[in-house]
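Nothing here was measured: the structure is a model prediction, and the numbers come from that model.
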Amino acid sequence: MCGRTSCHLPRDVLARACAYRDRQGRERLPEWKDPDKYCPSYNTSPQSNSPVLLSRLHFEKGADPSERIIAPMRWGLVPSWFKEDDPSKLQFNTTNCRSDTIMEKRSFKVPLGKGRRCVVLADGFYEWQRRQGTSQKQPYFIYFPQAKTEESGSTDVAESSEHWRKVWDNWRLLTMAGIFDCWEPPEGGDLLYSYTIITVDSCKSLNDIHPRMPAILDGEEEVSKWLDFGEVSTQEALKLIHPTENITFHAVSSVVNDSGNNTPECVTPISLLVKKEPKASRSSQKMMQWLATKSPKKEDPKTPQKTESDVPQWSNQFLQKSPLPTKRGATGLLERWLKQEEPMAKRPHNQ
């Protein structure tokens, strides 16, 4: 399944990451619909608004179906036929839609038959691997393999939006197949657009983490076919729904477990996070001195010198080679990680 994603890019950067060519071969950027409803987030959970890509023809009759729109939609499909006055009263979970039962459930079969296909946009998604013999789970961030990003001269990613854009401009967004629907409150009011993510059996490299994964559309051709509901039939489009091995991942901090946490630490490789040792009290320092000298009478009144163990040690192979000065904080760590060569994704082992 897929129950948590990240999509933190600013609106203009997100649009540039979705550049495409229309039927005339012209390079285009998708236009935003209701852009104020988009809230960038490193930790997006169901019932939140997330950006999806869809054909302009869904909103404008007679429009060129190859033209695209980005629209924030509620994650968790609310069927158009739902009669209650509050979407939260829906009695079943529509966060995900299994590919093997998609044509059996009315909630998904009806909008799919109407051509309401969309592409859910994200930096990547999270999944949790249960640690063998314990109740604990290790979270992973899963995404497309990335090309090396361009370095810039700015010094602080947290303070420079320009640097932020340069670092992330080359990020390849994860494009997941989805279905959307449009619900109108029985008593009248604003239309609610919502979506579900289609899931499939996990690929071999992810199977140790979780048995299910999103149906990922790998490349512009697959994205175009999925969105073109006028030319590509439902039966043809469903042939695009299958696992892909073109995926990579890394372990992240358990800070992502709380959906209220929305920081770069959520996506930063856990190997880059510095574990700060608690400062020893005066009494514990004296005890350490005594243990080192075997006798409290030989105590050296001078302040002990800083040892090598007091210095944070980076375990990531790329940071060991990096000439860049050490930066503190998750944003600095994330920036440094993004500037390195693509991390090697290692197959996780049950712990």
**Student:** Would you please test Val256 and Trp128 for side-chain contact (heavy atoms from CB on, under 4.5 Å) and show each step?
**Tutor:** CA-CA 10 Å; Val256 75; Trp128 283 256; 3.9 Å; yes
**Student:** With a 4.5 Å cut-off on side-chain heavy-atom distances among I, L, V, M, F, W and Y, is there a chain of contacts connecting Leu191 to Trp32?
**Tutor:**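 In one cluster: yes.
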**Student:** With a 4.5 Å cut-off on side-chain heavy-atom distances among I, L, V, M, F, W and Y, is there a chain of contacts connecting Tyr20 to Phe144?
**Tutor:** no
**Student:** Would you say the side chain of Ile70 lies within less than 4.5 Å of the side chain of Val52, judging by non-hydrogen atoms?
**Tutor:**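 They are not in side-chain contact.
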**Student:** Kindly give the heavy-atom pair with the smallest separation between Gly178 and Val120, and that separation in Å.
**Tutor:**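 Between these two residues, the closest heavy atoms are CA-CG2, 4.4 Å.
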**Student:** Under 3.5 Å, side chain of Arg16 to main-chain N/O of Cys18, donor-acceptor pair present?
**Tutor:** no
**Student:** If you define the side chain from C-beta out and look only at heavy atoms, does anything of Ser55 sit under 4.5 Å from Ile69?
**Tutor:**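 Counting from C-beta outward, Ser55 and Ile69 never come under 4.5 Å.
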**Student:** Main chain of Cys2, side chain of Asn96: is a donor-acceptor contact present, judged purely on distance under 3.5 Å?
**Tutor:** yes
**Student:** Do Arg4 and Tyr126 form a cation-pi contact, if we require the NZ or CZ to be under 6.0 Å from the six-membered ring centre and within 45 degrees of the ring's axis?
**Tutor:** no
**Student:** Could I get the full list of salt bridge (charged side-chain N to carboxylate O under 4.0 Å, His left out) partners for Glu220, not counting sequence neighbours?
**Tutor:** Arg68
**Student:** Does the side chain of Arg28 reach to within under 4.5 Å of the side chain of Arg21, using non-hydrogen atoms?
**Tutor:**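 A side-chain contact is absent here, since even the closest heavy-atom pair is not under 4.5 Å.
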**Student:** What about Ile247 and Leu173, same hydrophobic cluster or not, with Ile/Leu/Val/Met/Phe/Trp/Tyr joined at side-chain heavy-atom distances under 4.5 Å?
**Tutor:**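 In one cluster with Ile247: Leu173, yes.
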**Student:** Any side-chain heavy-atom pair from Leu54 and Phe59 closer than 4.5 angstrom?
**Tutor:** yes
**Student:** Honestly curious: do Val110 and Trp226 fall in one hydrophobic cluster under the side-chain, below-4.5 Å linking rule?
**Tutor:** no
**Student:** Which is it for Lys204 and Glu245 under the side-chain contact (heavy atoms from CB on, under 4.5 Å) test, yes or no, and what are the steps along the way?
**Tutor:** CA-CA 7 Å; Lys204 292 180 181 179; Glu245 290 289 347; 3.4 Å; yes
**Student:** If you look at every heavy atom in Ser80 and Cys182, which pair is closest and at what distance?
**Tutor:**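 Here Ser80 and Cys182 meet closest at CB-O, 3.3 Å.
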**Student:** More than 12 foreign heavy atoms under 6.0 Å from CG of Asp190: is that the case here?
**Tutor:**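 No - once you tally the heavy atoms of other residues, nucleotides and ligands closer than 6.0 Å, there are 12 at most.
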**Student:** Run Glu236 and Lys225 through salt bridge (Lys or Arg N to Asp or Glu O under 4.0 Å) and show every step you take.
**Tutor:** CA-CA 9 Å; Glu236 285 297 311; Lys225 286 182 177 180; over 6 Å; no
**Student:** If you count the non-hydrogen atoms of other residues, nucleotides and ligands that lie under 6.0 Å from NZ in Lys89, is the total more than 12?
**Tutor:** yes
**Student:** Under 3.5 Å, is there a donor-acceptor pair linking the side chains of Gln146 and Arg172?
**Tutor:** no
**Student:** Whether the side chain of Gln138 engages the backbone of Val252 through a donor-acceptor N/O pair (distance < 3.5 Å, no angle test) should be reported.
**Tutor:** yes
**Student:** What's the separation between atom CD1 in Ile142 and atom CG in Leu206, rounded to the nearest 0.5 Å?
**Tutor:**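 Nearest 0.5 Å value for the CD1-CG distance: 5.0 Å.
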**Student:** Side chains of Met103 and Phe108: does their closest heavy-atom pair fall under 4.5 Å?
**Tutor:**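 In short, these two side chains do not touch, never coming nearer than 4.5 Å.
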**Student:** Which heavy atom of Asp64 sits nearest to which heavy atom of Arg23, and what is that distance?
**Tutor:**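 Between these two residues, the closest heavy atoms are OD1-CD, 4.0 Å.
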**Student:** Just by modelled atom types, is the Cys39 backbone N or O under 3.5 Å from a matching donor or acceptor in the His8 side chain?
**Tutor:**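 Answer holds: no.
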**Student:** Side chains of Asn246 and Thr244: do they bring a donor and an acceptor to under 3.5 Å?
**Tutor:**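 No pair is found: no donor N or O on one side chain lies under 3.5 Å from an acceptor on the other.
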**Student:** Do any N or O atoms from the side chain of Thr95 and from the backbone of Gly3 form a donor-acceptor pair under 3.5 angstrom?
**Tutor:**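 Checked: no pair found.
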**Student:** Examine distances only and state if a side-chain atom of Asn261 and a backbone atom of Val255 form a donor-acceptor pair shorter than 3.5 Å.
**Tutor:**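 Yes: the side chain of Asn261 pairs with the backbone of Val255.
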**Student:** Going by heavy atoms in the side chains, are Pro264 and Tyr42 under 4.5 Å from each other?
**Tutor:**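 They are in side-chain contact.
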**Student:** Could you check if a side-chain atom of Leu192 sits within less than 4.5 angstrom of a side-chain atom of Arg74, using non-hydrogen atoms only?
**Tutor:**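 In contact.
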**Student:** Donor-acceptor check, side chain of Glu222 to backbone of Asp218, threshold 3.5 angstrom: yes or no?
**Tutor:**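 Answer holds: yes.
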**Student:** Any chance you could lay out the side-chain contact (heavy atoms from CB on, under 4.5 Å) test for Leu121 and Thr175, step after step, and finish with the verdict?
**Tutor:** CA-CA 5 Å; Leu121 303 172; Thr175 44; 4.1 Å; yes
**Student:** Could you tell me if Tyr195 and Thr94 have a donor-acceptor pair between their side chains, going purely by distance under 3.5 Å?
**Tutor:** no
**Student:** Identify the heavy atoms of Asp208 and Gln129 that sit nearest to each other, and give their distance.
**Tutor:** O-NE2, 3.3 Å
**Student:** Apply salt bridge (Lys or Arg N to Asp or Glu O under 4.0 Å) to residues Arg116 and Asp181 and explain how you reach the verdict.
**Tutor:** CA-CA 7 Å; Arg116 292 182 171 176; Asp181 210 345; 2.4 Å; yes
**Student:** Ignoring hydrogens and angles, state whether a donor on the side chain of Thr199 or Arg98 is under 3.5 Å from an acceptor on the partner side chain.
**Tutor:** no
**Student:** Do Tyr140 and His210 have their ring centres less than 6.0 Å from each other?
**Tutor:** no
**Student:** Taking all heavy atoms of Asp85 and all of Pro186, pick out the closest pair and write down the distance.
**Tutor:** CA-CD, 4.0 Å
**Student:** Consider only side-chain N and O atoms of Asn262 and Asn43, and report whether a donor and an acceptor are under 3.5 Å apart.
**Tutor:**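 No.
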**Student:** Grouping I, L, V, M, F, W and Y whenever their side-chain heavy atoms are under 4.5 Å apart, do Phe82 and Trp75 come out in a common cluster?
**Tutor:**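 In one cluster with Phe82: Trp75, no.
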**Student:** Could you give me the CA-CA distance, side-chain angles and deciding distance for Asp86 and Ser88, then say whether side-chain hydrogen bond (donor to acceptor under 3.5 Å, both in side chains) is met?
**Tutor:** CA-CA 5 Å; Asp86 185 352; Ser88 64; 2.8 Å; yes
**Student:** State, with a plain yes or no, whether a side-chain heavy atom of Pro214 is found less than 4.5 Å away from one of Ile198.
**Tutor:**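 When only atoms from C-beta onward are counted, Ile198 and Pro214 do not touch, as no gap falls below 4.5 Å.
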**Student:** Atom OG of Ser66 and atom CG of Asp228: how far apart are they, to the nearest 0.5 Å?
**Tutor:**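 Ser66 OG to Asp228 CG: 8.0 Å, rounded to 0.5 Å.
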**Student:** Please report the shortest heavy-atom distance between Ser107 and Phe92, naming the atom on each side.
**Tutor:**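 Nearest pair, atom of Ser107 first, then Phe92: OG-CE1, 3.3 Å.
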**Student:** Roughly how far, to the nearest 0.5 Å, is the CZ atom of Phe125 from the OG1 atom of Thr5?
**Tutor:**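 Separation between the atoms: 10.5 Å.
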**Student:** SG/Cys203 to CD1/Ile216 distance, rounded to the nearest 0.5 angstrom?
**Tutor:**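 Going from the SG atom of Cys203 to the CD1 atom of Ile216 covers 7.5 Å.
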**Student:** Under the salt bridge (charged side-chain N to carboxylate O under 4.0 Å, His left out) test, which residues partner Glu184, sequence neighbours left out?
**Tutor:** none
**Student:** Got a second to check how far Asp201's CG is from Ser99's OG, nearest 0.5 Å?
**Tutor:**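 Asp201 atom CG to Ser99 atom OG measures 7.0 Å (nearest 0.5 Å).
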**Student:** Any chance you could measure Asp123, atom CG, to Trp171, atom CH2, to the nearest 0.5 Å?
**Tutor:** 6.5 Å
**Student:** Please report the C-alpha distance between Leu112 and Ile102 in whole Å, then the side-chain angles of each, then the deciding distance to 0.1 Å, and finally whether the side-chain contact (heavy atoms from CB on, under 4.5 Å) criterion is met.
**Tutor:** CA-CA 9 Å; Leu112 184 61; Ile102 196 170; 3.9 Å; yes
**Student:** Might you confirm whether atom CD of Glu221 has over 12 heavy atoms from other residues, nucleotides or ligands at distances under 6.0 Å?
**Tutor:**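 Atom CD in Glu221 is not crowded, with 12 or fewer foreign heavy atoms closer than 6.0 Å.
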**Student:** Do Tyr193 and Trp183 make the cut of ring centroids closer than 6.0 angstrom?
**Tutor:** no
